[in-house]
Trainee: 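Below you'll find the structure I mean.
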Number of protein chains: 2
Amino acid sequence: MNLGAHNKNERHLTEKLSTSGFRFTPQRQSVYDVIMHKRDHPTAEEVFIRAKKQMPEISHATVYNCLDALVKSGLIRQVQLERGATRFCPNMEEHCHYHCGACGKVFDMALPKNFTDMPQPKGFKADHYDIAVHGLCADCAGKRKN
Amino acid sequence: MNLGAHNKNERHLTEKLSTSGFRFTPQRQSVYDVIMHKRDHPTAEEVFIRAKKQMPEISHATVYNCLDALVKSGLIRQVQLERGATRFCPNMEEHCHYHCGACGKVFDMALPKNFTDMPQPKGFKADHYDIAVHGLCADCAGKRKN
DNA sequence: GTGCCTCTTTAGAACTATTCTAAATCTTGA
DNA sequence: TCAAGATTTAGAATAGTTCTAAAGAGGCAC
């Protein structure tokens, strides 16, 4: 493992957490690592399972607490693609989620620069955008046709 | 009440339902009416409460069943704006939801014609778009400043 | 360094939204 | 009219999340 990168990552985490009034903890590090490592939009439950491998004593409630702290610190995003579990995403750029309704996979795509040029309700103060496209990924669309 | 419009509405409902293999029922009519009438993106629970006024014996499970049938028939949309309850929307045009994080209100805005011109994953077959902007509505943004 | 205050973690209970189940009822078509 | 299938109902079950209370850890004042 690249120790330099790891330390930089940890400094970034500590700094962002403390700016939002949170402490650095090994549990938060662990949850953050899980999400940064396999960037597949896991649910809280999936994060819990993966975090347990590194830190077997971590609890369910802690994972929720950590995810919440990371979201509030602007380190990860939460996305609500369908009924059911919230998913978490390490990509903080404005982007669009392509969600396959058959296999559940999620694909990130960058958005064109001007995409936020849409009419707004008068006086609305926009904070963040959630853009999702639901449909079938190439693999699943192929299977359906056959 | 305009009986002509009501009948047209009912014909539309019956036709759309049967095209998707569902029967017309008074419960489905009632749930549909609730959503068409006060177009404020209610949750299933809110729909239940309002439908009960017209039809006191309607059950929770039936409301979910009806909402599901209406969504599958393309008569309403379901939107997932945040953690928690799904909301339902009678606006079938492609539009964007402006969601106020303080008061919970949702504002529909039409989308520019070319908004779907965004890069897609290769071979992705898009079915529908969910575009949400989270922030503060004019009223709530004003209150925060003071 | 010690003590105190606050933040964090933990296990488990509680809660909310939704789905499932089984029985009763209604519709439709033969 | 009857049978088959769809729908409704109340209530149980489930999934995802939040809450609670107690224990543990970190940091600051003294």
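Each chain gets a letter, A, B and so on, in the order the sequences are listed, and its residues count up from 1.
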Trainee: Measure the OH-CG distance between A:Tyr32 and A:Leu67 for me, rounded to the nearest 0.5 Å.
Mentor: 12.5 Å
Trainee: Should the ring pair A:Phe124 and B:Phe107 be called parallel, tilted or perpendicular, given that the plane angle runs from 0 to 90° and is split at 30 and 60?
Mentor: perpendicular
Trainee: Provide the closest heavy-atom pair for A:Glu93 versus A:His95 in the form atom of the first, atom of the second, distance.
Mentor: O-ND1, 2.7 Å
Trainee: Can you tell me the distance, in whole Å, between the CZ atom of B:Phe22 and the P atom of D:dG5?
Mentor: 17 Å
Trainee: What's the closest nucleotide to the A:Ser59 side chain, out of D:dG26, C:dA11, C:dT9?
Mentor: C:dA11
Trainee: May I ask you to check whether B:Thr62 and B:Gln27 show a side-chain donor-acceptor distance below 3.5 Å?
Mentor: no
Trainee: Within this structure, what is the NZ-to-P distance between A:Lys72 and C:dT8, rounded to whole angstrom?
Mentor: 11 Å
Trainee: Rounding to an integer number of Å, can you tell me how far B:Leu70 CG sits from D:dT7 C1'?
Mentor: 14 Å
Trainee: NA contact type, A:Gln27, heavy-atom cut-off 4.0 Å: base, sugar-phosphate, or nothing?
Mentor: sugar-phosphate
Trainee: Given atom CG of A:Asp68 and atom P of C:dC7, what is their separation to the nearest angstrom?
Mentor: 15 Å
Trainee: Please report the distance, rounded to the nearest Å, between CG in B:Leu17 and P in D:dT8.
Mentor: 10 Å
Trainee: Counting heavy atoms from C-beta on, name the nucleotide in D:dT8, C:dT28, C:dT18 closest to the side chain of B:His60.
Mentor: C:dT18
Trainee: Tell me whether the side-chain N/O atoms of A:Arg28 come closer than 4.0 Å to OP1 or OP2 in C:dT9.
Mentor: yes
Trainee: Quick check on DNA chain C: between B:Phe24 and B:Ala44, whose nearest nucleotide comes earlier from the 5' end?
Mentor: B:Ala44
Trainee: Take the protein atom CZ of B:Phe48 and the nucleotide atom C1' of C:dT16, then report the distance between them rounded to whole Å.
Mentor: 15 Å
Trainee: Would you tell me if any nitrogen or oxygen in the side chain of A:Tyr64 comes within less than 4.0 Å of OP1 or OP2 on D:dT18?
Mentor: no
Trainee: Please figure out whether A:Thr43 or B:Gly21 has its closest DNA chain D nucleotide nearer the 5' end.
Mentor: B:Gly21
Trainee: By the 4.0 Å heavy-atom rule, please label A:Thr25 as base, sugar-phosphate, or nothing.
Mentor: sugar-phosphate
Trainee: Hey, does A:Ala61 reach any base, or is it just sugar-phosphate, or nothing, if we go heavy atoms under 4.0 Å?
Mentor: base
Trainee: Whole-Å distance between C:dA17 P and B:Leu81 CG?
Mentor: 15 Å
Trainee: Where each residue is assigned the nucleotide of DNA chain D containing its nearest heavy atom, which of B:Arg83 and B:Asn65 is assigned the position nearer the 5′ end?
Mentor: B:Asn65
Trainee: What is the separation between atom CD1 on B:Ile58 and atom C1' on D:dT7, rounded to the nearest whole Å?
Mentor: 12 Å
Trainee: Using the side chain to side chain contact (heavy atoms under 4.5 Å, CB included) definition, which of the options B:Ile35, B:Asp130, B:Leu70 pairs with B:Arg77?
Mentor: B:Asp130
Trainee: So A:Glu57, base contact, sugar-phosphate only, or nothing? Heavy-atom distance under 4.0 Å.
Mentor: sugar-phosphate
